[in-house]
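The structure appears right after this line, and notes come after that.
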Amino acid sequence: MDASETLRKYWGYGSFRPLQRDIVESVLSGRDTLGLMPTGGGKSITFQVPGMMLPGVTVVVTPLISLMKDQVDNLRRRRIKAVFLHSGMSRRESTVAREKLVNGGAKFLYISPERLRNENFMADLRRTEVSLIVVDEAHCISQWGYDFRPAYLNIGRLRKLKPDVPVLALTATATPEVAEDIRAQLAMRDPATFRMSFTRENISYIVRPSETKINEVFHILSRTQGTAIVYVRSRRRTVEIADYLNSAGIPSAAYHAGLGFELKEERQNAWKSGGIRVMVATNAFGMGIDKPDVRVVVHYDLPPSLEEYYQEAGRAGRDGKTSYAVLLTSRNDQGVLRRRLSERFPDRDVIRHIYEMTCNYLHLSIGEGYDTLKEFDIEKFCAVFRIQDRQCKAALHILQQAGYLEFMEEADRRSRVMIVCRREELYHLQGVGARTDRVLTCLLRLYTGLFAEYVQISESTLASTLGIGEREVYESLLELSRAKVLSYVPRSRVPLMYFPTSREEPRYLVIGRDVYEDRREIMSRRIEAMIDYAFNPKECRENRMLEYFGERREQGCGRCDVCRDARRRGAGDDPRAYVGQVYEYVRGRPGGVDVRIIEHDLRVPRAALSQTLSYLAAEGYVRIDGTTVTG
């Protein structure tokens, strides 16, 4: 079966997208490969198709636990064997996944980079046939990358363990400097590099100055159609803006990392199905969300880098239809963004103090803690030691860069269950109550695969199905666990702290120039590039972004606000210059649009707009009823 047949059989696609086939063929030829593919370019296909064609296991290193779970679930739905391993799993869950790996029960293995430090896991890999190593979010291995993660440097151990296995590195956001560093850090041999253009011809990049941003959000959403995302930088503001939009008649929901899993899932599903039009979210929303018909992405606050802005704005228009990425700016934004630099790099003494308090809080003595995973309630910690949340997270981030700990905030771990007794034992179950027996029966009816692996469950679903309380379901599952019928891992929303090294005395902590001064300088350059993009109206917005990612183009995009303003200045009041633009704006709006809105949004001179509409009406392209124009 060739690549096209594999694609059709398992994924149902008739053909590859641009660049996908090139990368697949390079991987199948055994060559180290770097793929630079923008958000929405279909990265997963480039390794999943060859992974199904190669004889052994494909190992995928990825930093995001939620994305790891989503991809494994998607593969299993296609009847493809896949498992994942990360630091947040219980010992028993890890054992089950490792047994599947060594016994041929996995075609794909997704791992967090921290697992590559575990000697037992490396021993498992040594006796496993590995055909392909995939490094997803490969910019994380580069110290020049915007999201450098020291744990990614452990991939070097995997390369030494499997020196003849080809490596495929994938990233959506890499400057030329970062791309070169990725190749060097992964010790790629004669690598093939495939770069997809960062141009998105269906997206118009707009920067709109506004001192009343919340009103501008309403203005944009009331004059556009379709699904939208509004990105903000604070949890509190997600709620405030969502409430405001709901009160204005625009169905919206707030989304941030502090919400429980079930509420996140409920709101995400409502947004995907069209029950909610607008998701007002922090950057916790979006990874792995592949909704093709997002028409508008609004950034209420400036992101700290063009990499993040490009990735988040790129969630618009994945279906190829006309879409808008709007960045709102105000006079204070430059100062706010520059202040983040000092906030992200607290004094070294503060960092040492927070390290010491963290170890004390988790009851780790000097010399203890190696390979330890503990729950870490950061809100409680900050309250106990009277530390500002933002300062604490900044210090933990630098300690993570220095290799002393790993703080895993995205640790909303759903409840999991696996049946550990033999199937026939369930028919002669004794010593459990009638309610517990009903819970077990319902569990077996609602969920599949319980005898083979840990399955995520919902106590609230079980409770509503049985007509009992969630507490009663919880107690019944604990009873079944004590009876050794099943293994039950209750849900936890507390973040995790992993220690790759034993606790050091604070005075011996090495916070080197590479993780402090150099990183500060890199962040400063990113902030200034973001400010230049947002506040320099002299260069095409898309060209400014393309130049940042190493692409050059002579002509402007013709779609961004800078190009539109230049075209208007060149056209003067000639109505012929606006015919196509006005017609495209009006058509497809069954309810029509007010003339004043057209004038405001397209910034067409009033006299020229009047003549343009008269021409379009005379030719039968539009109908004018009072001040309403219908296409």
Side-chain angles (χ1 to χ4, degrees), residues 63-65 86-88 112-118 137 139-155 185 257 283 304-305 340-411 494-524 526:
L64 292 165
I65 294 172
H86 59 79
S87 301
S112 59
E114 295 82 14
R115 296 299 300 187
L116 296 170
R117 282 192 288 251
N118 186 290
E137 307 296 337
H139 56 269
C140 293
I141 203 171
S142 171
Q143 294 206 41
W144 306 108
Y146 76 98
D147 194 19
F148 170 60
R149 303 197 182 201
Y152 259 63
L153 299 175
N154 295 313
I155 297 170
Q185 293 291 346
N283 60 3
S305 70
R340 281 192 203 158
L341 190 62
S342 55
E343 290 173 354
R344 284 288 296 272
F345 291 88
D347 188 84
R348 279 183 167 90
D349 287 339
V350 172
I351 297 169
R352 292 188 177 96
H353 175 69
I354 288 176
Y355 173 78
E356 184 177 27
M357 294 302 100
T358 299
C359 294
N360 290 344
Y361 181 77
L362 296 174
H363 307 293
L364 294 178
S365 301
I366 301 293
E368 291 183 350
Y370 170 72
D371 199 28
T372 297
L373 181 72
K374 288 179 174 282
E375 290 192 344
F376 183 70
D377 187 333
I378 190 168
E379 291 183 11
K380 186 176 178 183
F381 171 79
C382 289
V384 168
F385 293 102
R386 297 180 181 178
I387 300 169
Q388 288 185 347
D389 175 82
R390 194 172 293 177
Q391 186 181 64
C392 180
K393 286 181 179 176
L396 293 177
H397 180 75
I398 292 171
L399 288 164
Q400 182 164 316
Q401 300 279 311
Y404 289 105
L405 49 77
E406 297 278 351
F407 176 53
M408 290 174 269
E409 194 170 12
E410 56 144 352
V494 180
L496 297 171
M497 186 73 78
Y498 174 74
F499 289 86
T501 65
S502 302
R503 176 180 174 178
E504 296 273 5
E505 287 190 36
R507 58 182 170 158
Y508 294 135
L509 289 186
V510 179
I511 303 169
R513 181 178 182 85
D514 59 333
V515 298
Y516 197 90
E517 284 83 3
D518 290 352
R519 297 298 300 171
R520 184 184 174 105
E521 174 59 28
I522 290 166
M523 184 177 177
S524 176
R526 287 204 174 88

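Position 1 is the first residue of the sequence; numbering continues from there.
- The CE atom of Met357 sits 7.5 Å away from the CD1 atom of Ile387 when rounded to the nearest 0.5 Å.
- Using modelled atom types, one side-chain atom of Tyr516 and one backbone atom of Phe345 make a donor-acceptor pair closer than 3.5 Å.
- Atom-to-atom distance recorded for Glu504:CD and Phe499:CZ is 12.0 Å, nearest 0.5 angstrom.
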>> Checking Leu399 against Leu509 for the side chain to side chain contact (heavy atoms under 4.5 Å, CB included) test, could you report, in this order, the C-alpha distance in whole Å, the side-chain angles of both residues, the deciding distance, and whether it holds?
In response: CA-CA 9 Å; Leu399 288 164; Leu509 289 186; 4.1 Å; yes
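- With sequence neighbours excluded, the residues that form a side chain to side chain contact (heavy atoms under 4.5 Å, CB included) with Arg344 are His397, Met523.
- In this structure, CG in Leu153 is found 9.5 Å from OG in Ser142, a value given to the nearest 0.5 Å.
- Listed by chain and number, the residues in a side-chain hydrogen bond (donor to acceptor under 3.5 Å, both in side chains) with His139 are Thr171 (sequence neighbours excluded).
- A search for side chain to side chain contact (heavy atoms under 4.5 Å, CB included) contacts involving Ala151 returns Pro113, Glu114, Arg117, Asn154, Glu406, not counting sequence neighbours.
- Among residues two or more places apart in sequence or in another chain, the side-chain hydrogen bond (donor to acceptor under 3.5 Å, both in side chains) test is passed with Thr358 by none.
- In this structure Asp518 satisfies the salt bridge (Lys or Arg N to Asp or Glu O under 4.0 Å) test together with Arg513, sequence neighbours excluded.
- The salt bridge (Lys or Arg N to Asp or Glu O under 4.0 Å) analysis of residues 345-367, with sequence neighbours excluded, yields the pairs Arg348-Glu517, Asp349-Arg352.
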> Where do Leu362 and Met497 land on the side chain to side chain contact (heavy atoms under 4.5 Å, CB included) test, with the steps shown first?
Replying inline: CA-CA 9 Å; Leu362 296 174; Met497 186 73 78; 4.1 Å; yes
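- For residues 362-376, every residue pair satisfying the side chain to side chain donor-acceptor pair (under 3.5 Å) rule, not counting sequence neighbours, is listed here: Asp371-Tyr498, Glu375-Arg413, Glu375-Ser492.
- Checking side-chain atoms of Tyr404 against main-chain N and O of Val510 turns up a donor-acceptor pair under 3.5 Å.
- Glu505 is linked by a side chain to side chain contact (heavy atoms under 4.5 Å, CB included) to Ile366, Arg507, Tyr508, counting only residues two or more places apart in sequence or in another chain.
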> Would Ile155 and Gln185 satisfy side chain to side chain contact (heavy atoms under 4.5 Å, CB included), going step by step from the backbone distance to the final call?
Replying inline: CA-CA 9 Å; Ile155 297 170; Gln185 293 291 346; over 6 Å; no
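- For the salt bridge (Lys or Arg N to Asp or Glu O under 4.0 Å) condition, the pairs that include at least one residue of residues 390-405, sequence neighbours left out, are Glu343-Arg390, Asp389-Lys393, Lys393-Glu409.
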Which donor-acceptor pairs under 3.5 Å do side chains of residues 376-384 form with protein atoms, sequence neighbours excluded?
from   : atom 1 : to     : atom 2 : distance (Å)
Asp377 : OD1    : Glu379 : N      : 3.3
Asp377 : OD1    : Lys380 : N      : 3.2

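- The shortest side-chain heavy-atom distance between Ile354 and Phe385 does not fall under the 4.5 Å cut-off.
- For Asn360, the side-chain hydrogen bond (donor to acceptor under 3.5 Å, both in side chains) partners at least two apart in sequence or on another chain are Arg503.
- Of all heavy-atom pairs spanning Pro63 and Cys140, the tightest one is CG-SG, 4.3 Å.
- Contact annotation: the side chain of Cys359 never approaches that of Leu405 to less than 4.5 Å [non-hydrogen atoms, C-beta and beyond].
- When atom types are taken as modelled, the side chain of Gln401 and the backbone of Phe148 share a donor-acceptor pair closer than 3.5 angstrom.
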>> Gln400 vs Leu396, test: side chain to side chain contact (heavy atoms under 4.5 Å, CB included). Steps then yes/no.
In response: CA-CA 6 Å; Gln400 182 164 316; Leu396 293 177; over 6 Å; no
